[in-house]
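Because the structure is a prediction, the values reported are computed rather than measured. Within every chain, numbering begins at 1; the chains are lettered A, B, ... in the order of the sequence lines, protein sequences first and strands thereafter. Computation of the quantities below employed the complete heavy-atom set of this structure, encompassing side-chain atoms and omitting hydrogens, waters and symmetry-equivalent molecules.
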Amino acid sequence: MTRAVLITGGGGVGKTTIAAAVGVGAARAGHRTLVLTVDPARRLATALGLETLGNHPEPNPQLDGLFAAMLDSAASWDAIAYRHAPVEVADRLVTNPLFEAVASRFPSGQGYAASEEMAVHLESGEWDVVVVDTPPASGGIDFFAAPSRMRELVGGRLLRWLTGARLPGRRGLFNLAGRPALRLADALLGGPLLEQVAEFLFDLRTTYDGITAKAAAIDRHFATAAIVVVTTADPGPLREALRFHEVGIEPELVVFNRSLPDDWAATVDPLEDGRAAAALNENLARWALEVGRQEDARADFSGQVGTPMATVPWLADAPVDLDGLQAVLDGSEGLSLDALGV
Amino acid sequence: MLDRSLLLVSGKGGVGKSAVTAALSILAARRGRSVLAMSMVDDLGLATHLGVDRLGYAPQEVRPGLHALTIDRARALDEYIRLQLHAPRIAPLGPVARGLNALADTVPGIRDIITIGKALFEGGKGDWDIVIADAPPLGQLTSYLRAPVTIAGLVPVGRVRDQALRYEQELGDPHHTGLALVATPEELPVVETMEAYEQIAEFVDIASVITNRVLGPLGVSEDTLELVESLPHRQAGRLHRGLHAAQRRWIADLPDGPQVPYRFGIHTPGEVAALIADNLGTYL
């Protein structure tokens with residue numbers, strides 16, 4: 001049974017680094033591990049052994065058992081078309097500009113592509129552990145809603161509206177007569193665009209059965225995965241982290257990244273060295289304030305949500321090699337393979 | 001930066017874009033301008049930094065001279081159809097509206113043009129001295145900026161096309177529209193900002209790059225650094241020095257622009273926005 005670890009959270013909280021660190025830890029513990037990431041910083045990508053964008057897992061040259069793949073959203077959408085539609089329909093879909101637009105602009109588009117990629121690897125039987133660095137849209141929550149949003153899109157509500165048919169299944173139903181809303185849309189958009197949209201939706205509808213089944217499977221993967229929400233003690237990321245709880249997603253662990261040691265607050269006494277130390281004193285007092293703010297934020301969070309918490313220390317420089325990534329786990333309190341059921 | 005009808009504010013997610021939008025709005029209002037702050041994204045970032053629980057689609061006065069609103073997909077579509085395209089009003093929750101909404105999600109650029117169109121519309125209608133908009137984050141920004149061109153290319157004739165061409169012209173006019181980019185001095189925000197810079201500049205005048213959360217030097221002389229190494233503070237001192245050195249390297253890669261200091265300790269979002277407004281006031 002493959003263990004899925006989903007690392008989620010908003011932009012800028014250090015999610016990708018945490019995902020890479022968990023991957024390194026799992027591989028070093030002897031698990032055959034895949035890290036599926038979205039858009040790592042260049043130096044982190046190099047540390048993972050990733051040189052090019054592509055969905056194919058690449059082995060890490062320095063660590064046996066560690067593989068990584070960088071999600072290519074466009075390639076994933078082509079794969080989705082060929083997986084769920086007859087080949088001649090898929091050929092039409094992948095060259096249709098509307099399909100490209102849905103892939104890149106449909107809210108949850110990137111999330112759905114990532115979740116299908118995740119499912120492929122979880123079901124392949126090739127991995128002990130799959131670590132997914134989820135897309136950051138809506139603080140990470142979009143990723144979990146993506147399968148049901150996708151089901152709605154291909155479900156044909158718009159197609160029914162455009163064609164007036166209760167059960168859209170065949171072409172040639174598109175008819176402006178007697179449909180004032182369509183006449184309005186036609187006047188606004190002009191020309192044959194609506195017809196193109198309807199044609200596109202007919203093609204997309206052929207993926208309905210496949211995507212419905214796949215979306216249900218993905219939801220089951222979500223239910224059994226270890227979900228890790230990464231946040232910092234800043235109000236924005238904290239608000240996003242709390243939203244998981246509000247929408248009924250229960251994470252395994254909440255990781256407070258960029259944490260400071262609690263004892264800093266206690267060790268700050270003014271230095272007695274006259275003017276030279278004034279700026280220094282001020283800076284040290286500020287860090288003590290920061291420690292207090294972080295403690296308050298964590299206490300406030302645990303007062304609202306019962307999820308276990310972990311802290312990862314604030315590092316001046318982001319880790320750029322395998323030892324640096326392992327040090328993220330080792331330096332943490334509570335972010336361990338055990339805590340993630342790996 | 002504040003000398004135009006519309007100022008868009010963008011940056012990589014998590015850099016403090018909403019806080020800076022609120023701060024610039026507060027600053028402009030303090031200087032006696034009539035300001036509309038507008039959220040083009042569906043979250044509470046701008047609202048909390050302006051000190052209110054939520055914003056509606058109708059402008060509300062959040063402090064003297066400063067009104068604020070947030071985009072509402074359905075109502076923006078309705079307004080676009082009625083005011084921009086001079087088409088009849090439709091029932092906002094009726095089947096026509098639902099269908100048009102679904103259509104707007106499918107046809108590339110429609111949703112984007114309505115959102116950017118709302119900002120341009122508010123900027124051009126003369127009710128405000130300036131509109132300052134919390135724009136979508138860097139990763140999505142170009143598809144919004146490109147929306148008028150996309151639509152004009154996709155829709156061969158008709159009112160939507162005409163309106164798109166007008167938007168394209170207003171967006172590219174530096175007297176009308178500007179963009180402030182927000183970055184923090186870290187690897188990804190700096191790299192992504194600079195990678196997107198040229199592409200963004202094709203569509204809109206980049207008025208400024210604002211660097212947020214900048215640390216000052218730890219101490220005034222090398223003596224104090226030796227001093228801190230001998231005391232229990234050494235860990236805090238090392239972190240500060242390490243972060244400061246890393247920040248200097250990343251700042252060197254950004255164009256010159258206002259720098260907003262890192263804020264230590266406990267602040268409400270409203271206090272954060274007021275502090276940033278104070279800092280930016282020394283530059284603008």
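For chain A, no part of B:Q163 is nearby; none of its heavy atoms comes within less than 4.5 Å. In this structure, chain B has a heavy atom under 4.5 Å from the side chain of A:P261, while its backbone stays farther away. Of the two parts of B:L188, only the side chain, counted from C-beta on, holds a non-hydrogen atom closer than 4.5 Å to a non-hydrogen atom of chain A. Contacts between A:F99 and chain B at a heavy-atom distance below 4.5 Å are absent for every atom of the residue. Proximity to chain B (any heavy atom under 4.5 Å) is restricted, for A:L260, to the side chain, taken from C-beta onward. With a 4.5 angstrom heavy-atom cutoff, B:R238 does not touch chain A via any of its atoms. Neither the backbone nor the side chain of B:P189 comes within less than 4.5 Å of any heavy atom of chain A.
Side chain of A:D317 to backbone of B:A246: no donor-acceptor contact under 3.5 angstrom is found.
Rounded to the nearest 0.5 angstrom, B:L44 CG and A:E240 CD are separated by 10.5 Å. Distance check, rounded to the nearest 0.5 Å: CZ of A:R286 to CZ of B:R263 gives 12.0 Å.
Most heavy-atom pairs under 4.5 Å with chain B, from the set A:Q294, A:R239, A:E290: that is A:E290. Ranked by heavy-atom pairs under 4.5 Å with chain A, the list B:D42, B:T48, B:V41 is led by B:T48. Contact count against chain B (heavy-atom pairs under 4.5 Å) is highest for A:N283 among A:N283, A:T16, A:L315, A:L289.
Taking all atoms of both residues into account, the shortest heavy-atom contact from B:L243 to A:W314 is CD2-NE1, 3.6 Å. Looking at every heavy atom in both residues, A:L284 comes nearest to B:A236 through CD2-CB, 4.0 Å.
Note: B:F264 and A:W287 have perpendicular aromatic rings, judged against thresholds of 30 and 60 degrees for the angle between ring planes.
A salt bridge is defined here as a Lys NZ or Arg NE, NH1 or NH2 lying under 4.0 Å from an Asp or Glu carboxylate O, and A:R258 with B:E186 meets this definition.
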